[in-house]
Trainee: 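The structure's right below; bear with me while I get my questions together.
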Amino acid sequence: MKKISTFIIILIIALNINAQSGFSLSAFGGVNGSGVEIKDDVFKMQDYTGMKTGFSAGLKVQHEFKKPFLVELQSFYNKCGYSLTVPETNLMERIDFHNDFISVSLLLGYNFYLGENDNFSISPKVGVVPSFFVNTSAEFQGEKYDAKVDNKVDWRCVLELELAWKINSVMSIFVNVNGRDGWDIITYSNIANVVEGYEIPGIRQYVITGNAGVKIKLTNRDKEVYEFY
C-alpha cells in the first residue's frame, strides 16, 4: 500500500504544479506480450522459454515544456507472464509464471505535429521504468504456487511510439506501442520447493505493450494570453 500511495502522491503533485501551457492527463489500457532472456544460459534453456499475454492500465501526466519537446510521467498496473520448460529425462514439464507489478515511467519525447491545426501527432519517447512486484505466482502440473521474487524493484528501459488524433481543443485519442527491457536480473527463492531439486536461473524480463487511451488537456495552449509589463 505504501508503494501505491507513493505513486498517487506523485501524480497529485504533478497535477498541482502551477498551471502552465502544455499539461495533459491521460487514461489508457491495453494488452501485452512478455518473455524472458536467461542470464548465463549454459544449458541452452532460452530455447525452452515462451511468451504469455496479459494486460495493463494506468494514468499519465504529460507536459510539453517547450513545444514540441515533452516530459511524461506514467503510473500503471501490469499483469504479464512467461513460461519455462523443465528438462527431465523422460518428460518435459512447463512452468507458467505470472507477475503482477506497478510501474512508474519517466519519459522524454518529441511531438511531430501534422495536418491542419496540428490535428495529428507522432511522438517517439524514451525513458526508464522502475517496476514494483505486487503479486507473483507459478503454475506447475495444474497447481498454482506463490513464487517469491527476490527483487524489490526491477529497473527497465523503455522505447515508445505514440500516434494521437485531436477530437477538439480539449480532447484527443491515442494509440501507442512500447517495449520495456529489464537490465536487472530477476531471481526466485522458492522454486526448488515447487519443482523438487530445480532452480530457476536468473532472468531478464521484457514486455511489449499496445495501448489505447484518451487525453484531456489541463491547460489550453491555443487560448493563452500574455501580458507584458
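Not measured: the values here are computed from a predicted model. Along the sequence shown, the residues carry numbers beginning at 1.
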Trainee: For a side chain to side chain contact (heavy atoms under 4.5 Å, CB included) with Val149, tell me which candidate from Ile186, Asp154, Asn135 qualifies.
Mentor: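 The passing option is Ile186.
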Trainee: Counting N and O atoms only, with roles assigned by atom type, does the side chain of Asn151 sit under 3.5 Å from a partner on the main chain of Ile185, one being a donor and the other an acceptor?
Mentor: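 Yes; judged by distance alone, with no hydrogens or angles, the pair exists.
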Trainee: Can you tell me how far the NZ atom of Lys217 sits from the CD atom of Glu64, to the nearest 0.5 Å?
Mentor: 8.0 Å
Trainee: Give a yes or no on whether the backbone of Val170 and the side-chain of Asn168 come within a donor-acceptor separation of less than 3.5 Å.
Mentor: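 Such a contact is found between Asn168 side chain and Val170 backbone.
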Trainee: Is any side-chain heavy atom of Ser56 less than 4.5 Å from a side-chain heavy atom of Asn211?
Mentor: yes
Trainee: Does a side-chain heavy-atom distance below 4.5 Å link Phe69 with Leu108?
Mentor: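 A side-chain contact is absent here, since even the closest heavy-atom pair is not under 4.5 Å.
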Trainee: Could you point out which residue of Asn111, Leu163, Leu161, Leu107 forms a side chain to side chain contact (heavy atoms under 4.5 Å, CB included) with Ser123?
Mentor: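 Output: one option passes, namely Asn111.
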Trainee: Around Trp155, counting heavy atoms of other residues, nucleotides and ligands shown, do more than 12 lie under 6.0 Å from its CH2?
Mentor: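 Counting neighbours around CH2 of Trp155, 12 or fewer heavy atoms of other residues, nucleotides or ligands fall under 6.0 Å, so no.
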Trainee: So, are Lys148 and Asp150 salt-bridged, with charged N and O less than 4.0 Å apart?
Mentor: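 No, this pair does not count.
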Trainee: Does some side-chain heavy atom of Leu59 sit less than 4.5 Å from a side-chain heavy atom of Ser75?
Mentor: no
Trainee: Would you name the heavy atoms of Ser34 and Gln205 that are closest together and state the gap between them?
Mentor: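 So the two residues come closest at OG-NE2, 2.8 Å.
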Trainee: Which residue is it: Thr136, Asn78, Val153? I am looking for the one with a side chain to side chain contact (heavy atoms under 4.5 Å, CB included) to Phe101.
Mentor: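 Going through Thr136, Asn78, Val153 one by one, the side chain to side chain contact (heavy atoms under 4.5 Å, CB included) with Phe101 is satisfied by Asn78 alone.
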Trainee: Does any N or O in the side chain of Asp181 come within less than 3.5 Å of the main-chain N or O of Tyr206, such that one atom is a donor and the other an acceptor?
Mentor: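 A pair under 3.5 Å: no.
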Trainee: Would you please classify the geometry between the Tyr82 ring and the Phe97 ring as parallel, tilted or perpendicular, with 30° and 60° separating the classes?
Mentor: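 Ring orientation of Phe97 relative to Tyr82: parallel.
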Trainee: Between Lys166 and Asn117 (side chain of the first, backbone of the second, donor and acceptor by atom type, cut-off under 3.5 Å), is there such a pair?
Mentor: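 Flag set: sc Lys166 to bb Asn117 pair under 3.5 Å.
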Trainee: Tell me, do Arg156 and Arg204 make a side-chain contact under 4.5 Å, heavy atoms counted?
Mentor: no
Trainee: Do Asn32 side-chain atoms and Ile208 backbone N/O form a donor-acceptor pair below 3.5 Å?
Mentor: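 Checking the backbone N and O of Ile208 against the side chain of Asn32, no donor-acceptor pair under 3.5 Å is found.
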Trainee: Under 6.0 Å from the six-membered ring centre of Phe174 and within 45° of its axis: does the NZ or CZ of Lys60 meet both?
Mentor: yes
